Amino acid sequence: MKTVGELSLLVCLIIVCFNGRGWSQRLPRPQPQQSQVPCFFIFGDSLVDNGNNNGMLTLARANYRPYGIDFPQGTTGRFTNGRTFVDALAQLMGFTRYIPPYSRARGPELLRGVNYASGAAGIRDETGDNLGAHSSMNGQVANFANTVMQMRRLFRGDTNALSSYLNTCIYYCGLGSNDYLNNYFMPNFYTTSSDFTTKAYADALIQDYTRQLTQLHSLGARKVIVTAVGPIGCIPYQLARYHGNSSRCNENINKAILLFNSELRKLVDRFNGGQLQGAKFVYLDSYKSSNDLYQNGTAYGFEVIDKGCCGVGRNNGQITCLPLQQPCADRRKYLFWDAFHPTELANVIFAQSAYQSQSYTYPVNIQQLATL
């Protein structure tokens, strides 16, 4: 029976020996090295989906050009021109291959992590139903439980060794955006805005999320990143529909989101304060990081912060990027790739700040979390 250390070495050998086409050449490429943690598990929506929706009957798919136009492997189902936030974060943590989507992760590669994210997914099961099929957070947690069962066979049934291994991994959970975008603020399709006040809705989401994150903890998750919901009222999709006079963004949506984010940070304190034994949660304030980038885009070379690089209509946000549509020529000048999602460069900037600084992370940054 291999020890946890020996299995970690095996994972590294697997990663090195089967390294694929590597990271994009457009940005600095790291030297091959052992990753800081043996595995990285990802839960979320289209901001980090890397192909799980490709085989689903849904409008929330990105497995067509020009999505992936700057990605070394081409079109994969990522909802951006290149790498997602978690792709860039995995690179910073020393992973030399992309974390595979759950839809095609098999065998020993499970040992270095799996991406369960699904476009249109939310904390609530019905969220995103207006777009078609998807895997909600409940479904993603169930898929992780299935992965743990498969990994048990790789550990020859040694549950203690498997638990110790899973305790050292990093887990990313980025849910909640669609619970507002494709649920609460879509009254023609959902009743939640009449069933709940904004405060009651935030509380209901946190209650469900608490249960889901507790389930992840029971399956072995200890080092967990939970992300705030970003300022959805400022994305091109909303700007194309908003006609307010006092603000460029739809602040009604942003105010509702801040209620959720405030409660999520408190939840991190409760989990770290003893509610979940051995838990090491990090709150990633993607609302503040997105807002800072939105306010100071020119400092990072962004010339266009209110329009998608690819899309149709006002702000290139009335209809999102269409198959074979010609995108903008210089993606590095655009903060948004399409009506909803940031460009690769924005994702890389977000990842670097979350990893290296504590400007947007609490109580520690992600590099520090990896060492705990």
Side-chain angles (χ1 to χ4, degrees), residues 3-16 19 22-23 27-44 47-48 50 83-100 109-117 144 147-148 151 161-174 213 216-217 219-228 264-265 268-269 271-272 276-286 289 347-372:
T3 65
V4 175
E6 288 171 328
L7 279 162
S8 296
L9 179 59
L10 174 61
V11 174
C12 295
L13 289 171
I14 291 169
I15 291 171
V16 172
N19 186 25
W23 304 97
L27 292 155
R29 182 175 180 174
Q31 294 301 310
Q33 62 181 1
Q34 182 174 343
S35 55
Q36 293 175 294
V37 292
C39 37
F40 185 26
F41 292 96
I42 298 150
F43 305 83
L47 290 170
V48 292
N50 63 344
R83 287 172 287 170
T84 66
F85 171 86
V86 293
D87 288 331
L89 186 58
Q91 176 182 7
L92 289 165
M93 291 193 293
F95 287 91
T96 56
R97 291 184 70 204
Y98 298 105
I99 303 301
E109 70 176 342
L110 299 174
L111 291 169
R112 63 186 177 88
V114 178
N115 186 330
Y116 304 91
F144 176 61
T147 296
V148 172
M151 291 178 73
L162 174 58
S163 293
S164 296
Y165 187 80
L166 291 171
N167 290 173
T168 64
C169 306
I170 282 186
Y171 301 77
Y172 169 93
C173 298
L213 293 170
L216 285 184
H217 178 270
L219 290 164
R222 292 296 180 271
K223 302 180 182 184
V224 184
I225 304 159
V226 291
T227 67
L264 183 60
R265 180 165 166 147
V268 166
D269 279 333
F271 282 163
N272 289 343
L276 294 182
Q277 187 176 3
K280 303 175 183 72
F281 275 70
V282 167
Y283 173 76
L284 176 57
D285 194 346
S286 44
S289 63
N347 284 327
V348 169
I349 293 169
F350 289 148
Q352 288 171 339
S353 64
Y355 179 75
Q356 297 170 345
S357 81
Q358 269 184 252
S359 300
Y360 308 116
T361 56
Y362 167 85
V364 296
N365 65 36
I366 294 171
Q367 186 175 24
Q368 292 166 328
L369 176 66
T371 65
L372 296 178

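Keep in mind it's a predicted model, so treat the numbers as computed, not measured. Values below: all heavy atoms of this structure, side chains included; hydrogens, waters and symmetry mates excluded.
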Student: Specify the closest pair of heavy atoms between Tyr355 and Leu92, including all atoms of both residues, with the distance to one decimal.
Tutor: OH-O, 3.4 Å
Student: Would you check if there is a donor-acceptor pair between the side chains of Thr84 and Asp87 at a distance under 3.5 Å?
Tutor: yes
Student: Stepwise, does the side-chain contact (heavy atoms from CB on, under 4.5 Å) test hold for Asn272 with Val268?
Tutor: CA-CA 6 Å; Asn272 289 343; Val268 166; 3.5 Å; yes
Student: Work out which heavy atom in Pro363 is nearest to a heavy atom in Gln358; give both atom names and the distance.
Tutor: O-NE2, 2.8 Å
Student: So, the side chain of Ser163 versus the backbone of Gly220: is there a donor-acceptor pair under 3.5 Å, distance only?
Tutor: no
Student: Between Tyr171 and Phe144, is the ring centre distance below 6.0 Å?
Tutor: yes
Student: For Tyr362, is the NZ or CZ atom of Arg265 found under 6.0 angstrom from the centre of its six-membered ring and inside 45 degrees of the ring axis?
Tutor: yes
Student: Output the distance between atom CD (Gln34) and atom OG1 (Thr96), rounded to the nearest 0.5 Å.
Tutor: 10.5 Å
Student: Does any part of the side chain of Val282, heavy atoms only, come nearer than 4.5 Å to the side chain of Val364, both counted from C-beta?
Tutor: yes
Student: If you apply the rule side-chain contact (heavy atoms from CB on, under 4.5 Å), what do you find for Tyr165 with Met151, and how did you get there?
Tutor: CA-CA 10 Å; Tyr165 187 80; Met151 291 178 73; 4.1 Å; yes
Student: Strictly distance-based, threshold 3.5 Å: is any side-chain N or O of Lys223 a donor or acceptor partner for the main-chain N or O of Asn167?
Tutor: no
Student: Kindly determine whether Ile170 and Met93 satisfy side-chain contact (heavy atoms from CB on, under 4.5 Å), including the steps that lead there.
Tutor: CA-CA 10 Å; Ile170 282 186; Met93 291 193 293; 3.7 Å; yes
Student: Distance from Asn115 atom CG to Ile42 atom CD1, nearest 0.5 Å?
Tutor: 4.0 Å
Student: Can you see which heavy atom on Thr168 is nearest to which on Pro38, and at what distance?
Tutor: OG1-CG, 3.2 Å
Student: With heavy-atom distances below 4.5 Å as the criterion, would you say the side chains of Cys173 and Leu216 are in contact?
Tutor: yes
Student: Hey, what do you get for SG (Cys169) to CZ (Arg222), rounding to the nearest 0.5 Å?
Tutor: 11.5 Å
Student: Does a side-chain heavy-atom distance below 4.5 Å link Phe95 with Gln36?
Tutor: no
Student: Taking the six-membered ring for Trp, is the centroid-to-centroid distance between Phe350 and Tyr360 below 6.0 Å?
Tutor: no
Student: Give the C-alpha distance, both sets of side-chain angles, the deciding distance and a yes or no for side-chain contact (heavy atoms from CB on, under 4.5 Å) between Val226 and Leu264.
Tutor: CA-CA 8 Å; Val226 291; Leu264 183 60; 4.3 Å; yes
Student: Looking at Ala354 and Phe85, what are the two nearest heavy atoms and their distance?
Tutor: CB-CZ, 4.1 Å
Student: Identify the two heavy atoms, one from Asn50 and one from Pro100, that lie closest to each other, and give their separation to 0.1 Å.
Tutor: ND2-C, 3.9 Å
Student: Output yes when a side-chain donor or acceptor of Asp285 lies under 3.5 Å from a complementary backbone atom of Thr361, and no otherwise.
Tutor: no
Student: Could you measure the distance from the CG atom of Leu369 to the CG atom of Asn365? Nearest 0.5 Å is fine.
Tutor: 8.5 Å
Student: Compare all side-chain heavy atoms of Val224 with those of Tyr172 and state whether any distance is below 4.5 angstrom.
Tutor: no
Student: Measure the CD-NE2 distance between Gln277 and His217 for me, rounded to the nearest 0.5 Å.
Tutor: 7.0 Å
Student: To the nearest 0.5 angstrom, please state how far the CD atom of Gln367 sits from the CD atom of Gln356.
Tutor: 7.0 Å
Student: What are the two closest heavy atoms between Leu111 and Cys39, and how far apart are they?
Tutor: O-CB, 3.2 Å
Student: Can you see whether Tyr116 engages Thr147 through a side-chain donor-acceptor pair at a distance of less than 3.5 angstrom?
Tutor: yes
Student: Hey, does Leu166 have a side-chain heavy atom less than 4.5 Å from the side chain of Leu219?
Tutor: no
Student: So do Tyr283 and Ile225 actually touch side chain to side chain, heavy atoms under 4.5 Å?
Tutor: no
